[in-house]
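Since this is a predicted model, take the numbers as computed values, not measurements. Computation of the quantities below employed the complete heavy-atom set of this structure, encompassing side-chain atoms and omitting hydrogens, waters and symmetry-equivalent molecules.
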Amino acid sequence: MTEDLSDLERLRAITRYDLDDPQLRRALGVITAETSQRLPGSLTAVNILLDRAVLTMALHGAEHSMTAAVGGAPAEWSFCSRVVAEGRAQVIDDVALDTGGDVDGRPLAAAGIHSYAGVPLATGDGHTIGTHCALHPLRGHYDEGTIAVLEAAAERIRHELDHALVGG
């Protein structure tokens with residue numbers, strides 16, 4: 001399944017969650033920290049993809065990064081936008097050399113990030129609203145084992161998001 005980041009139904013699906021819920025934020029922080037422990041040296045995050053921006057819900061391993069300071073990034077700088085658009089896990093061995101054309105990996109590479117792995121977070125009605133991802137300074141650092149770690153954590157993230165449904 002492919003998703004258009006600007007699809008109104010997908011964006012409405014995002015509004016069904018209380019993304020400011022402190023309990024949700026704490027739970028996602030714990031899961032992200034645990035993922036980071038399982039993927040040593042990685043920056044790990046839970047991101048919600050809006051139409052043009054990435055909203056970072058939890059981030060571990062880069063407390064002094066620009067993303068941590070501002071709470072997100074432009075969608076065109078994030079490989080998470082590709083994961084959401086394509087609705088499938090992705091591994092990028094070298095973000096600066098990626099030829100997908102939809103994402104500019106140069107800002108990540110300039111910040112010292114070279115490898116990316118991400119898995120989609122889908123709602124119960126099938127809309128892909130975000131990702132659980134990992135980034136690493138070494139090129140070619142991630143593989144299918146990384147995807148398995150992210151997928152296991154993503155199940156827990158989906159469970160926590162379900163508890164944050166407005167009126168649910």
Side-chain angles (χ1 to χ4, degrees), residues 3 13-14 16-50 53-73 75 77-95 103 105 107-109 111-124 126-166 168:
E3 292 268 11
I14 293 169
R16 293 184 190 114
Y17 296 92
D18 180 0
L19 299 177
D20 291 323
D21 179 0
Q23 186 174 349
L24 172 65
R25 293 283 184 134
R26 277 191 300 276
L28 297 179
V30 167
I31 295 168
T32 303
E34 290 172 359
T35 302
S36 202
Q37 288 175 345
R38 295 193 65 197
L39 301 173
S42 294
L43 176 156
T44 57
V46 174
N47 292 316
I48 300 296
L49 273 286
L50 304 176
V54 178
L55 172 63
T56 299
M57 298 292 297
L59 179 68
H60 188 80
E63 288 70 22
H64 303 290
S65 77
M66 177 192 74
T67 299
V70 300
W77 290 2
S78 175
F79 288 96
C80 294
S81 62
R82 184 182 299 163
V83 171
V84 169
E86 295 182 9
R88 64 181 181 87
Q90 302 270 323
V91 173
I92 310 295
D93 290 328
D94 189 335
V95 299
V103 177
L108 282 175
I113 299 295
H114 296 287
S115 291
Y116 170 90
V119 299
L121 298 173
T123 64
H127 291 290
T128 304
I129 62 168
T131 66
H132 186 35
C133 68
L135 302 113
H136 200 278
L138 297 177
R139 289 169 182 83
H141 188 74
Y142 296 130
D143 58 20
E144 290 304 314
T146 306
I147 296 299
V149 169
L150 291 170
E151 283 286 0
E155 284 301 316
R156 294 176 55 208
I157 293 165
R158 288 181 197 103
H159 178 76
E160 294 299 335
L161 284 168
D162 286 346
H163 287 303
L165 279 167
V166 176

Is there a donor-acceptor pair closer than 3.5 Å between any side-chain N or O of [X] and the backbone N or O of [Y]?
{"X": "S78", "Y": "C80", "value": "yes"}
{"X": "S115", "Y": "G140", "value": "yes"}
{"X": "H136", "Y": "L138", "value": "yes"}

Exercise: identify the closest heavy-atom pair between [X] and [Y]:
{"X": "G41", "Y": "P137", "value": "O-CD, 3.8 Å"}
{"X": "I129", "Y": "A13", "value": "CG2-CB, 4.3 Å"}
{"X": "A134", "Y": "T44", "value": "CB-CG2, 4.1 Å"}
{"X": "T128", "Y": "P120", "value": "CG2-CB, 3.6 Å"}

Is there side-chain contact between V83 and L49, with heavy atoms separated by less than 4.5 Å?
no
Would you give the length of the straight line joining atom [atom1] of [X] to atom [atom2] of [Y], rounded to the nearest 0.5 angstrom?
{"X": "H163", "Y": "D18", "atom1": "NE2", "atom2": "CG", "result": "14.0 Å"}
{"X": "T56", "Y": "I48", "atom1": "OG1", "atom2": "CD1", "result": "10.0 Å"}
{"X": "S81", "Y": "L50", "atom1": "OG", "atom2": "CG", "result": "12.0 Å"}

For A117, what residues pass the side chain to side chain contact (heavy atoms under 4.5 Å, CB included) criterion, not counting sequence neighbours?
V91, Y142, T146, I147, L150
Of L24, L161, N47, D20, which meets side-chain contact (heavy atoms from CB on, under 4.5 Å) against M57?
L24
With F79 as partner, the option from L135, I92, V84, T131 fulfilling side-chain contact (heavy atoms from CB on, under 4.5 Å) is I92
Set of residues satisfying salt bridge (Lys or Arg N to Asp or Glu O under 4.0 Å) with respect to D94, sequence neighbours excluded
R139
What verdict does the side chain to side chain contact (heavy atoms under 4.5 Å, CB included) test give for S36 and L43, after you've listed the backbone C-alpha separation in whole Å, the side-chain angles of each residue and the deciding distance to 0.1 Å?
CA-CA 7 Å; S36 202; L43 176 156; over 6 Å; no
Please indicate whether E151 has more than 12 foreign heavy atoms, meaning atoms of other residues, nucleotides or ligands, lying under 6.0 Å from its CD.
yes
In this structure, are over 12 heavy atoms from other groups packed under 6.0 Å from R38 atom CZ?
no
What's the verdict on side chain to side chain contact (heavy atoms under 4.5 Å, CB included) for T123 and Y17, showing C-alpha distance, side-chain angles and the deciding distance?
CA-CA 10 Å; T123 64; Y17 296 92; 3.5 Å; yes
Cut-off 3.5 Å, no hydrogens considered: what does the side-chain donor-acceptor table look like for residues 25-35, sequence neighbours left out?
residue, atom, partner, partner atom, Å
R25, NE, L19, O, 2.9
R25, NH2, L19, O, 3.4
T32, OG1, L28, O, 2.7
E34, OE1, R156, NH1, 2.5
E34, OE1, R156, NH2, 3.0
T35, OG1, I31, O, 3.1
T35, OG1, H132, NE2, 2.9

